[in-house]
> 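Here's a structure for you.
Positions are given from 1 along the sequence. Model, not experiment: these values are computed from the prediction.
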Amino acid sequence: MPPASLIPESLQLLLLEALDKSPDGLGIFNDDDTLVFCSSAFAALFDQTSESATGLKFADLIRHAHQSECGIHVETDDVEDWIEKAHRKRRSANYRTFELDTSDGRWFLMTEQVLDCGALFILATEITAKKRVEEKLQKLSRKLTVLANTDSLTGVHNRRNFEVLAQRLFNRARRHKKDLSLLLIDADHFKQINDRYGHHVGDQVLQAITRCLEKSLRDYDVLGRVGGEEFAVLLPETGVMDAWQIAQRLCKSCEELQIRSEERHIDVTVSIGLASVEGRSVQTSDLDCLLRDADKALYTAKHGGRNQVCCSAPL
């Protein structure tokens, strides 16, 4: 590139006008962090004009933006600490990029390059549209993840996700030698409810049971719908006696449910199978064994009169 002295003045003015009209911001700080040149778009990032910004140090530009609450978003109660941290990052590499947002909700990709003379060249490219698309994609991804892991009727974990969480909790119990209990819960006579009142009423019953279970469980317990009318609950760090009390409470709460549909009262009960593994023996067990034991206990509860809790081992 020819020296500036060899470029016709008219062309220099044309270049300066083009830089100033560009939507991208351009700024140059000298080696003591004083702004020696900037475009209007760059100055606006600090709530300044190019004339008022030129000659100010980086720290003064930040202080002004923070005080006016315009330009770049300086979210801090201690602006001097913010500036100190920013200074440590500036010139930390010959070339770096980062993103920042402004108080009016726009986003910019900042490209910093240290020149051979020690000056810092900064290019600010607006990426607001790109960020909006990214945010929409992230929201969609989160929504799809929820849909993939959640039972659409009840809003709790579906069978696939429950099995993943169950294996994770079992591995944790094994690693830390902690107790773990499992409840398998089945709505009694559910087929009769569907046949007599219709599937829409059956759906209401399942939703009511779900809400009842959620209210009676602890925040860290894991509830899933693992079959048509079957639910499962994992009780981390819970021994058989505590799990028995929780299961009895769930059974009683479901029995007390007041479910009405089209002026009809629908009685609901559940049968619960309980299986536990103690921390000292979890090393010799596995998740499939725990599931089988709980399923056997549920079978006993269902064929022993329903509306009760049965345990896979003597209490």
> Supply the atom-to-atom distance E163 CD to L287 CG, rounded to the nearest 0.5 angstrom.
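Reported value, rounded in 0.5 Å steps: 8.5 Å.
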> Grab the two heavy atoms, one from F42 and one from C38, that are nearest each other, plus how far apart they are.
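Shortest heavy-atom separation between F42 and C38 comes out as CD2-CB, 3.7 Å.
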> Residues two or more places apart in sequence or in another chain: which of them pass side chain to side chain contact (heavy atoms under 4.5 Å, CB included) with V268?
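Applying side chain to side chain contact (heavy atoms under 4.5 Å, CB included) to V268 gives V205, I209, I259, I266.
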> Is it true that the side chains of T238 and D179 contain a donor and an acceptor less than 3.5 Å apart?
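No pair is found: no donor N or O on one side chain lies under 3.5 Å from an acceptor on the other.
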> S50 and A43: which non-hydrogen atoms are nearest, and at how many Å?
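What the structure gives for the nearest pair is N-CB, 3.5 Å.
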> If you look only at pairs with a residue in residues 110-124, which of them pass as a salt bridge (charged side-chain N to carboxylate O under 4.0 Å, His left out), with sequence neighbours excluded?
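Salt bridge (charged side-chain N to carboxylate O under 4.0 Å, His left out) check on residues 110-124 returns R90-E112, R96-E112.
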> If hydrophobic clusters are built from ILVMFWY residues whose side chains come within less than 4.5 Å, do V226 and F170 share one?
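Shared cluster, yes.
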> For the CD1 atom of I28 and the CZ atom of F37, what is their distance to the nearest 0.5 Å?
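Those atoms lie 6.5 Å apart.
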> Tell me, do R132 and W107 make a side-chain contact under 4.5 Å, heavy atoms counted?
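Side-chain contact under 4.5 Å: yes.
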> Are there over 12 heavy-atom neighbours, none belonging to R249, within less than 6.0 Å of that residue's CZ?
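Yes, because the 6.0 Å sphere around CZ of R249 holds more than 12 heavy atoms from other groups.
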> Quick one: do the Q167 and N171 side chains pair a donor with an acceptor below 3.5 Å?
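Side-chain D/A pair, Q167 to N171: present.
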> Are K302 and D188 close enough for a salt bridge, meaning some N to O gap below 4.0 Å?
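A salt bridge links K302 with D188.
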> Any heavy-atom pair between the side chains of L120 and L115 that's under 4.5 Å?
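L115 does not reach L120 side chain to side chain.
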> I'd like to know if V277 and L184 are part of one continuous hydrophobic network [Ile/Leu/Val/Met/Phe/Trp/Tyr, side-chain heavy atoms within less than 4.5 Å].
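No; V277 is not reachable from L184 via cluster members.
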> How far apart are the C-alpha atoms of E214 and L223, what are their side-chain angles, what is the distance that settles it, and do they pass the side chain to side chain contact (heavy atoms under 4.5 Å, CB included) test?
CA-CA 8 Å; E214 287 179 322; L223 170 64; 3.7 Å; yes
> Would the number of heavy atoms belonging to other residues, nucleotides or ligands and lying under 6.0 Å from CZ of F190 be above 12?
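Enclosed.
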> Taking NZ, NE, NH1 and NH2 as the nitrogens, is one of them in D151 or R159 under 4.0 Å from a carboxylate oxygen of the other?
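A salt bridge is absent here (no side-chain N lies under 4.0 Å from a carboxylate O).
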> Take L213 and L250 through the side chain to side chain contact (heavy atoms under 4.5 Å, CB included) test and state the conclusion after the steps.
CA-CA 6 Å; L213 296 177; L250 295 178; 3.9 Å; yes
> Measuring only between side-chain heavy atoms, which start at C-beta, is L165 closer than 4.5 Å to H157?
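Contact flag for L165/H157 side chains = yes.
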> Let me confirm one number: the CZ-OG1 distance from F121 to T111, rounded to the nearest 0.5 Å.
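Separation between the atoms: 8.5 Å.
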> Going only through I, L, V, M, F, W and Y residues with side-chain contacts under 4.5 Å, is there a path from L45 to L61?
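Per the 4.5 Å side-chain linkage, L45 and L61 are co-clustered.
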> Any carboxylate oxygen within less than 4.0 angstrom of a Lys/Arg side-chain nitrogen, looking at E256 and K252?
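The answer is yes: the pair qualifies as a salt bridge.
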> Using every non-hydrogen atom in the two residues, find where A243 and S276 come nearest and quote the distance to one decimal.
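Reported closest heavy-atom pair: CB-OG, 4.3 Å.
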> Does one hydrophobic cluster hold both F162 and L147, with members joined at side-chain heavy-atom distances below 4.5 Å?
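No.
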> Under 3.5 Å, which donor-acceptor pairs do the side chains of residues 75-88 form with other protein atoms, sequence neighbours left out?
residue	atom	partner	partner atom	Å
T76	OG1	D78	N	3.0
T76	OG1	D78	O	3.2
D78	OD1	E80	N	3.3
D78	OD1	D81	N	3.1
E80	OE1	R63	NH2	3.1
E80	OE2	R63	NE	2.8
D81	OD2	K85	NZ	3.3
E84	OE2	R88	NH1	3.2
H87	ND1	D33	OD2	3.4

> Donor-acceptor pair, R91 side chain versus G118 backbone, under 3.5 Å?
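Looks like yes, one N/O pair under 3.5 Å.
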> Report the residues that fulfil side chain to side chain contact (heavy atoms under 4.5 Å, CB included) with S68, sequence neighbours left out, ordered by chain and then residue number.
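Side chain to side chain contact (heavy atoms under 4.5 Å, CB included) list for S68, sorted by chain: D47, H64, C70.
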> Return the OH to CG distance between Y299 and D186, rounded to the nearest 0.5 Å.
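It comes to 13.0 Å.
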> Can you confirm whether L182 sits close enough to V233 that some side-chain heavy atom of one is under 4.5 Å from a side-chain heavy atom of the other?
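In short, these two side chains do not touch, never coming nearer than 4.5 Å.
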> Would you sort out whether Q207 and L153 count as a side chain to side chain contact (heavy atoms under 4.5 Å, CB included), showing the intermediate values?
CA-CA 7 Å; Q207 290 169 338; L153 177 65; 3.3 Å; yes
> Step by step, work out the side chain to side chain contact (heavy atoms under 4.5 Å, CB included) result for T269 and C254.
CA-CA 6 Å; T269 61; C254 288; over 6 Å; no
> Quick one: side chain to side chain contact (heavy atoms under 4.5 Å, CB included) partners of A275, sequence neighbours excluded?
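A275 satisfies side chain to side chain contact (heavy atoms under 4.5 Å, CB included) with L290, D293, A294, S312 only.
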> Over all heavy atoms of both residues, which pair between L180 and A173 is shortest? Give the atoms and the distance, please.
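L180 and A173 have their closest heavy atoms at CB-CB, 4.2 Å.
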> Is any side-chain heavy atom of H73 closer than 4.5 Å to a side-chain heavy atom of T102?
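In short, these two side chains do not touch, never coming nearer than 4.5 Å.
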> Would you give the length of the straight line joining atom CG of D267 to atom NE2 of H189, rounded to the nearest 0.5 angstrom?
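Going from the CG atom of D267 to the NE2 atom of H189 covers 10.5 Å.
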> Flag yes if I246 and V309 sit in one hydrophobic cluster, no otherwise; membership is Ile, Leu, Val, Met, Phe, Trp, Tyr, and two members link when side-chain heavy atoms are under 4.5 Å apart.
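As far as the 4.5 Å side-chain criterion goes, V309 and I246 are connected within one cluster.
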> Please name the pair of heavy atoms, one in V114 and one in A93, separated by the smallest distance, quoted to 0.1 Å.
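That closest heavy-atom pairing would be CG2-O, 3.7 Å.
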> Just so I know, are the side chains of Q48 and L56 near enough to count as touching, which here means a heavy-atom distance under 4.5 Å?
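Side chain of Q48 against side chain of L56, heavy atoms only: contact under 4.5 Å found.
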> Would you call Q308 and I272 a side-chain contact if the rule is heavy atoms closer than 4.5 Å?
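They are not in contact (no side-chain heavy atoms under 4.5 Å apart), so the answer is no.
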> Does K191 come within less than 4.0 Å of D195, counting only side-chain N to carboxylate O?
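Judged by the 4.0 Å cut-off on N to carboxylate O distance, K191 and D195 do form a salt bridge.
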> Once you round to the nearest 0.5 Å, how far does CZ of F29 lie from OG1 of T34?
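The CZ atom of F29 sits 8.5 Å away from the OG1 atom of T34.
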> Under a 4.5 Å cut-off applied to non-hydrogen side-chain atoms, are F58 and L35 in contact?
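Counting from C-beta outward, F58 and L35 never come under 4.5 Å.
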> If you measure from the Lys or Arg side-chain nitrogens to the Asp or Glu carboxylate oxygens, is any gap between D221 and R218 under 4.0 Å?
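Salt bridge present between D221 and R218.
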> Could you tell me which residues satisfy side chain to side chain contact (heavy atoms under 4.5 Å, CB included) with K130, sequence neighbours excluded, listed by chain and number?
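For K130, the residues satisfying side chain to side chain contact (heavy atoms under 4.5 Å, CB included) (neighbours in sequence not counted) are E99, I127, E134.
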